[in-house]
> 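Below: one structure in structure tokens.
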Amino acid sequence: MSLNELNKIARKMVKKGKGVLAADESAPTCKKRFDSINVESTDLSRNKYRDMLFTTPDMEKFISGVILFEETLGQSTIKENISFPDYLTSLDVIPGIKVDKGAHALANNENEKVTEGLDGLGLRLAEYFKLGARFAKWRAVINIGDSLPSSTCISVNTHGLARYAALCQENGLVPIVEPEIIMDGNHTIEDSFHVTEKVLHATFHELCSQNVQLEGMILKPNMVLSGYECNKQASVDEVADMTVTVLKRCVPSAVPGIAFLSGGQSDEDATAHLNKMNQILGENSPWNLTYSYGRALQAPALKAWGGSDENISTAQEAFSKRARLNSLATKGEYDSSME
Ligand code: 13P
């Protein structure tokens, strides 16, 4: 696929007013989410849950693409038995796929992780393309701690992200590059800022070294937040200001879009932060700033669903509300009174 075509897909993913639904929870993560609502996680219950989300009326007004887990790529809608990639494509929603094999202990570096899944990745990507996927996701995990992250952790993870991204482009998929700094811990927002800056610089250095075409990718970063256990929690204005500053320092304007992860923020915070950043950047922003949220789009819907078919429309309304408010936030038109 040409760079022009990859760029077209990337721009469509981050089009103003739209964002990406991250519904790519692995089976163990899905079990954790389902445990919280006392629902057994089976292939059928996961299929039903994803069906509830994807068949939400008018989802395509606010959702440009959906990140699927490999299992979901092979599942189908409940009523009409249409494969999820075909169903999403029929709505003009782009199907994507999580392709990493998770974050595993980094040898000789206590408490740090490296994301695995590069072996045989090219062949898998070719298969995913045939099944209808047009973009992919790879998440690297970086923790902040006493002397963390180590330079080793940053180096191996950013190297892996770039290898994945190059392979995606070679196989016609737009890579979502996700270097996630985890916000658990008592670190300050300044700590988050410094680590995010370091990691994003390293990420773009690796991407350029490995000939990744920036016009044909999406960055999925964390926002710069106070650690969740930090005594002093930054305001919405501070978070937006510091996140925009770090992005301006590190992300070339050739990148078409930035789609944030929510990372455990409350639904309202994730929307308010995105909104404020879009207000700060305004019309002349070098990139479109949008959402690629998992929990911050799904949490109220998951709770309302509770595993029961009777609750499907209430759950869909809850999902639709978060999608609509985040859509407004991509234009800086959200206000907390709309909650
Ligand atoms: P959260 O928005 O729940 O952090 O999930 C986004 C995601 O895709 C993590 O990889």
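Here the structure is a predicted model, which means the values were calculated and not measured. Order of appearance sets the numbers: ligands from 1, and atoms from 1 within every ligand.
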> Measure the distances from the heavy atoms of K98 to every atom of ligand 1 and state whether one is below 4.0 angstrom.
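For ligand 1, residue contact (heavy atoms, under 4.0 Å) with K98 is absent.
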> Y293 heavy atoms, cut-off 4.0 Å: which ligand 1 atoms fall inside?
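Once the distances to Y293 are compared, the set is 2 (O).
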> List every atom of ligand 1 that sits less than 4.0 Å from any heavy atom of A22, numbering the atoms from 1 in the order shown and giving each element.
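So the atoms of ligand 1 that pass are 8 (O).
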> Mind listing the closest non-hydrogen atom pair of N81 and S76 along with its distance?
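What the structure gives for the nearest pair is OD1-CB, 3.3 Å.
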> Under a plain distance cut-off of 3.5 Å, with no hydrogens placed, do E339 and Y334 share a side-chain donor-acceptor pair?
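Side chains of Y334 and E339: pair found under 3.5 Å.
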> Under 4.5 Å between side-chain heavy atoms, counting indirect links through other Ile/Leu/Val/Met/Phe/Trp/Tyr residues: same cluster for L68 and V93 or not?
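Yes, it is one cluster - the side chains of L68 and V93 are joined through contacts under 4.5 Å.
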> Assess K137 for proximity to ligand 1: is some non-hydrogen atom of it under 4.0 Å away?
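K137 counts as a contact of ligand 1 under the 4.0 Å cut-off.
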> Will you find, in the side chains of D191 and T188, an N or O donor that is under 3.5 Å from an N or O acceptor?
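Per modelled atom types, D191 and T188 side chains form a pair under 3.5 Å.
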> If the plane angle is over 60° it's perpendicular, under 30° parallel, otherwise tilted; pick one for Y49 and F34.
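The arrangement is perpendicular - the two ring planes meet at more than 60°.
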> Would you say S262 and ligand 1 have an N/O pair spaced under 3.5 Å apart?
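Yes; the residue has a nitrogen or oxygen that sits under 3.5 Å from a nitrogen or oxygen of the ligand.
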> Mind checking whether G263 has a heavy atom under 4.0 Å from ligand 1?
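G263: in contact with ligand 1 (<4.0 Å).
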> Could you list the donor-acceptor pairs under 3.5 angstrom formed by side chains in residues 235-243, with sequence neighbours left out?
unit_1, atom_1, unit_2, atom_2, d
S235, OG, E238, N, 3.1
S235, OG, E238, OE1, 3.3
E238, OE1, S235, N, 2.7
T243, OG1, V224, N, 3.0
T243, OG1, V239, O, 2.7

> Only pairs at least two apart or in different chains count here, so list each salt bridge (Lys or Arg N to Asp or Glu O under 4.0 Å) that has a residue in residues 199-227.
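Counting only pairs at least two positions apart or across chains, no salt bridge (Lys or Arg N to Asp or Glu O under 4.0 Å) contact touches residues 199-227.
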> Starting from atom 9 (C) of ligand 1, locate the nearest protein heavy atom and write down its residue, its atom name and how far away it is, to 0.1 Å.
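Minimum-distance protein heavy atom for atom 9 (C) of ligand 1 reads E178 OE2, 3.3 Å.
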> Would you say G294 has any N or O atom under 3.5 Å from an N or O of ligand 1, going by distance alone?
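Yes, G294 has an N/O under 3.5 Å of an N/O on ligand 1.
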> Run down the list E180, Q265, R295, K220 and name the one with the heavy atom closest to atom 6 (C) of ligand 1.
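Looking at heavy atoms only, the winner is K220.
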